Amino acid sequence: MIQPCQDVFENVMDLAKRRGFIWPTSECYGAVAGFIDYGPLGAMMKRRIENIWRQFYVVQEGYYEIECPTIAQEAVFIASGHVKGFSDKMCQCPHCKEYLRADHVADGGGVCGAATMNNETLAAAIATCKCPACGEVLGNVEVYNFNLMFSTMIGPGSQRVGYLRPETAQGMFVDFARLLRFYRDKLPFGAVQIGKSYRNEISPRQGMIRLREFTQAEAEIFVHPNEKNHHPSFKRYANYRMPLLTYVHQQKCEPAVEMSMREAVDKGIIANEYVAYYVALTHELLVTVGIRPDRLRFRQHLPDERAHYATDCWDAEVYSERFGWVETVGIADRTNYDLNAHAKQSGTSMTVFIQYDTPKKVERRRIIPNMGVLGKQYRKKAKAIFAALETATPTAEGADVNVDGETIHIPADLFEVRDEVIDVRGEEVVPHVIEPSYGIDRMCYAVLEQAYDEDTADGEKRTVLRLSPQVAPVQVAVFPLMNRDGLDTLSEEITITLQKRGILAEYDDSGAIGRRYRRQDEIGTPFAITVDYESKETHTVTIRDRDSMKQVRIAIDKIPEMLSALIKGDVKFAELG
RNA sequence: GCAUCGAUGGUCUAGUGGUAUGACUUAGGCCUUCCAAGCCUAUAGCCCGGGUUCAAUUCCCGGUCGAUGCACCA
């Protein structure tokens with residue numbers, strides 16, 4: 001699948017480093033693998049991508065953003081399964097020093113039940129196995145858990161364990177009760193979070209594709225389990241078409257098939273309307289930030305690839321010339337797994353009360369003990385008897401209840417059996433969660449790689465980042481043709497006017513004008529305004545398009561309005577004069 | 001993490017047991033009426049630690065980072 005291309009990745013990362021998009025972290029002390037710094041332009045571009053994400057999820061969908069700590073106490077990750085399930089049982093071969101997955105060694109050596117063994121048992125079991133790397137018999141080895149979460153201590157001298165979160169999602173789950181109240185106790189609702197997550201990868205490589213600290217943008221959408229096939233805005237994307245690579249296609253090595261979201265749901269290819277809706281929304285979002293549709297596909301997880309809680313999962317994969325298809329977004333139906341787990345761990349209810357349209361009549365039998373007598377007679381056992389009686393099946397003589405292994409006969413005159421019909425107005429429901437989860441750093445890399453281009457201008461090589469105007473860090477450059485005769489002061493005035501309108505404009509008067517154009521081309525600045533001698537007489541300037549290098553003359557007082565429209569994409573440069 | 005290879009101004013590079021070549025870039029100046037032109041000047045470098053040596057950027061050992069292969073990637 002991976003078809004390495006020697007140049008693109010290196011060219012992109014070289015440019016990114018040189019021009020201040022991406023830097024190795026803490027370079028003066030030697031960089032650390034798996035960590036990067038975003039430089040001035042990279043941080044700006046990342047923020048613009050995040051803001052486009054907010055436009056979709058917060059503004060369009062109405063799912064407010066929350067912000068939770070990156071460190072959480074152990075209980076959170078016990079419930080989520082990360083303390084237990086996010087670690088691997090490792091051992092080291094004493095002969096060749098290779099690090100090995102102990103359970104894999106056991107499986108390979110014919111040991112049964114390795115997955116359920118504790119570390120000591122597993123160590124004993126693999127002592128007679130051969131190291132798959134060097135072939136020597138392992139002998140006495142220590143088996144230990146390598147957890148991919150970074151752990152820390154909360155407070156000084158504390159025994160309280162904390163972990164850096166391996167995903168932002170848990171924040172939305174643990175805040176469920178508050179969120180439910182905020183959304184006035186009605187489903188569906190959602191909450192989103194953009195923030196850092198941490199995974200202590202054993203061996204991160206591939207630049208910014210696999211990081212130990214990375215930025216996720218996750219949405220958790222809470223929905224009634226019976227309503228997953230009725231997204232209230234489904235019609236927005238019902239006819240949205242894209243190629244889908246289902247797990248059946250993958251098993252048969254067939255290519256993806258293009259279809260609408262309506263078809264995909266109706267044919268049972270995508271599990272429900274909610275998942276389909278966010279598959280389509282994700283497609284639109286990725287195209288908006290500048291991913292080419294022909295380098296974008298949606299691939300369904302194979303049944304054995306899915307996390308144990310997910311019923312359906314689709315990855316948006318972006319094609320990289322260096323890394324092949326890279327998972328950039330995952331859209332999963334997490335069911336009620338997380339809320340059930342936190343409800344159990346925390347002892348807090350994580351349900352929504354759903355009112356019936358009309359109350360249901362339910363027959364109910366209540367057993368009401370005469371506690372005045374029972375209490376005196378049974379003393380400390382009375383409370384347990386009271387509880388046991390609620391579920392007892394009384395006969396005419398009385399009821400037998402079991403308290404602490406002892407069967408106690410309660411005569412019929414010590415309680416009253418009351419059969420009644422009551423109105424049940426609704427039920428407690430644990431919502432299901434639909435989760436679109438975006439890897440922002442991977443999106444940034446994909447945007448840079450796809451924007452990188454080299455063309456020829458006047459017989460010379462030109463390096464140009466064809467970034468969408470919406471994500472380009474610098475939005476416009478302003479140049480005086482000559483830095484004299486008042487052209488420079490007029491240019492500076494225009495720059496300030498644009499900056500006051502919230503447009504990131506960069507003024508530059510150094511050296512030849514051609515060099516200044518090239519410099520801006522390389523960082524992806526989509527437009528350049530040039531003030532020339534005609535500007536003083538006619539109050540006009542030229543505006544230059546990065547991609548075509550064409551120029552159009554416009555009136556100075558029209559610049560802010562026109563640039564805003566060009567940057568937003570409401571107007572295309574080719575449509576101008 | 002293991003194995004192999006590599007690391008010289010911001011970038012690309014020459015070279016060396018006695019502190020380093022050239023080009024591009026950048027900054028200042030001159031020139032210049034629209035796409036990296038020209039001229040002058042300036043800034044800036046031997047990945048880190050230890051060893052050998054009078055002297056290490058150079059040789060040796062260890063580390064870091066990067067590339068590749070293996071392993072890993074809930």
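The structure presented is a predicted model; accordingly, all values stated were derived computationally and were not measured. Chain letters run A, B, ... following the sequence lines, proteins first and then strands; every chain starts at 1.
Checking B:C73, B:U11, B:C65 against the side-chain heavy atoms of A:R18 singles out B:U11 as nearest. Listed nucleotides: B:C12, B:C34, B:C73. Nearest to the side chain of A:T542: B:C34. Listed candidates were B:A37, B:C65, B:U68. Nearest to the side chain of A:A33 is B:C65. Of the candidate nucleotides B:G10, B:U33, B:A36, B:U33 has the atom lying nearest to any side-chain atom of A:L481. Relative to the side chain of A:M482, the nucleotides B:C35, B:U32, B:A67 differ in distance, and B:U32 lies closest. For A:R544, the side-chain atoms get nearest to B:C35 when compared with the rest of B:C34, B:U68, B:C35.
Salt-bridge formation is detected for the pair A:R295/A:E321: a Lys NZ or Arg NE/NH1/NH2 atom is positioned less than 4.0 Å from an Asp or Glu carboxylate oxygen.
Nucleic acid contact for A:R516: none, since no nucleic acid atom lies under 4.0 Å from a heavy atom of the residue. Note on A:Q551: a base of the nucleic acid sits closer than 4.0 angstrom, heavy atoms only. Note on A:N147: nothing from the nucleic acid sits closer than 4.0 angstrom, heavy atoms only.
Between the side chain of A:R165 and the backbone N or O of A:C68, at least one donor-acceptor pair lies under 3.5 Å.
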Evaluation steps, side-chain hydrogen bond (donor to acceptor under 3.5 Å, both in side chains), between A:T215 and A:R442: CA-CA 9 Å; A:T215 299; A:R442 290 181 174 187; over 6 Å; no
A:E218/A:S437 under side-chain hydrogen bond (donor to acceptor under 3.5 Å, both in side chains): CA gap, chis, key distance, verdict: CA-CA 4 Å; A:E218 291 191 304; A:S437 171; 2.8 Å; yes
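Listed in residue order, the members of residues 485-493 of chain A having a heavy atom less than 4.0 Å from RNA chain B come to none.
A:Y517 pairs by the ring pair (Phe, Tyr, Trp, His ring centres under 6.0 Å) definition with A:F479, not counting sequence neighbours. Take A:T311 and apply the side chain to side chain contact (heavy atoms under 4.5 Å, CB included) test, not counting sequence neighbours, and it matches A:D333, A:T335.
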What nitrogen or oxygen pairs link the protein and nucleotides 23-31 of chain B at under 3.5 Å?
| from | atom 1 | to | atom 2 | distance (Å) |
| --- | --- | --- | --- | --- |
| B:U25 | OP1 | A:R515 | NH1 | 2.8 |
| B:U25 | OP1 | A:R515 | NH2 | 3.3 |
| B:U26 | OP1 | A:R519 | NH1 | 2.3 |
| B:U26 | OP2 | A:R515 | NH1 | 3.0 |

Dot-bracket pairing map - RNA chain B, Watson-Crick plus G-U, both contacts under 3.5 Å, | cross-strand: (((((((..(((.....[...))).(((((.......)))))....(((((..]....))))))))))))....
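Counting atom types as modelled, A:E201 pairs no side-chain N or O with a base atom of B:C72 as donor and acceptor under 3.5 Å.
The stretch residues 521-549 of chain A participates, sequence neighbours left out, in no ring pair (Phe, Tyr, Trp, His ring centres under 6.0 Å) pair at all.
The aromatic ring centres of A:F176 and A:F222 sit less than 6.0 Å apart. Taking the six-membered ring wherever Trp is involved, the centroid distance between the rings of A:Y319 and A:W325 falls below 6.0 Å.
With both ends at atom P, the span from B:G38 to B:C70 equals 48 Å, rounded to whole Å.
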